[in-house]
Amino acid sequence: MTAPEQELSDLRRATTRRRSDNSAGERTRSRPTRRRAGGIRGRERWAGLLFVGPGLAVLLIFLVVPIGLAFYVSLTRWDGLSSPFGNGAKFTGLQNYRSLLTEDSLTRQNLAVSVRNNFYFVLFVVPIQTMLALFLAVLLNNRFLKGKSYFRTAFYFPSVTSSIAITLVFLFLFQGGGAVNRLLDFVGIRGPNWLADSRGVFHQVLRIFGVDAAPDWAKHEFLNLSWWDWLSGPSIAMCVIIILVIWTTSGTFMLMFLAALQNIPEEVEEASEIDGATQWQRFRLVTLPMLRPALLLVLTLGLIGTWQVFDQIYLTGNNPATITPAYLSYNQSFQNSMFGVGAAISFLQFALIIVLSTIQRRLVGTGEDY
């Protein structure tokens, strides 16, 4: 082999060697480096637990533990005067639940009356407050409306006012000789004693058509309450609470709808307007479907809040026409010293809310497709 040929062969081998070294280096760099346990990732994990720990501790101490203790109390016969874990509380298992659902007693009848009252309360309040809140939000979302800040504050003001103060004002307005009855006297109408009237609204409507007594099929009982009483509708006293709650809660839900309306892209509205859709068609076919997540939120919060109504009921006194499960639970626990029965009522109410919220979610949908 001549000298030029030898140099060319050496040059080829050197080039091949450099290529192999470069490939090996790239493979080495492409391999993921394994971090030792306790490295940066480990320290981040412990730092995250350190920041989240106080919040979890608060939830555990003030939410999870009280719920567990309340459930334990619902399984006992406890008078609230001694320790629930001592000799003053007798463990009875599911006896409190059985007595509320299967045994004929005054407590069971009171539970049925409270569920009936609360059912009609939810039936009237949730749809009306949702429609009113949506109407106010659409009104404030109008680009040509002047004084939006004033109207937004005026509509929201009842929601931030003390519910105790507003309820007391309504009690004065709807007394037998209150301002409402005085106004009705001017037009020749004799108003009832609103907050003490236990007559059902549906019964009063049927009386106009000559139906004064229960038919035979409505005399059968369910939970110590006849079907005629179940179908009585909200009492006149409960109608006052319905008006009060609608007026005080619609402003909060109005802000939720208003925020959802302002997040709808203007291009969508403009495209539907170009396509020739009327204002009602744009609202029904474009705006309302895109508001479905907000609508589900408002309906769910309204359902939960109305089944937990207490302060307005408490201020009306121990009135069977307005009693609700939340108030009945308080009454059994703190006034009759039957904390086990009161806790059992609370958990039955909790189960009812979960079932109704699930059904409502299935009917309304989540709106994730929009």
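Along the sequence shown, the residues carry numbers beginning at 1.
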Got a sec: does the [atom1] of [X] have more than 12 other heavy atoms crowding it under 6.0 Å?
X	atom1	value
F135	CZ	no
F283	CZ	yes
Q335	CD	yes
F85	CZ	yes
R108	CZ	yes
K90	NZ	no

* To do: Check L297, L296, L303 against T300 for a side chain to side chain contact (heavy atoms under 4.5 Å, CB included) and give me the one that passes.
  =>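 The single option meeting the side chain to side chain contact (heavy atoms under 4.5 Å, CB included) with T300 is L296.
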Does the side chain of [X] reach to within under 4.5 Å of the side chain of [Y], using non-hydrogen atoms?
X	Y	result
P289	R284	no
W194	V180	yes
L291	L134	yes

* Asked: Does K219 pair with D216 as a salt bridge, N-O distance under 4.0 Å?
  ->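 So K219 pairs with D216 through a salt bridge.
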When you measure from the side chain of [X] to the backbone of [Y], do you find a donor-acceptor pair of N or O atoms at a distance under 3.5 Å?
X	Y	value
S159	T248	yes
S329	P325	no
Q109	L223	no
Q281	T278	yes
S357	I354	no

* Stepwise, does the side chain to side chain contact (heavy atoms under 4.5 Å, CB included) test hold for Q312 with V309? -> CA-CA 7 Å; Q312 294 88 352; V309 61; 3.4 Å; yes
* Step through it carefully: locate the ring centre of F347, locate the ring centre of Y97, and say whether they are under 6.0 Å apart. =>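 No, the ring centres sit 6.0 Å or more apart.
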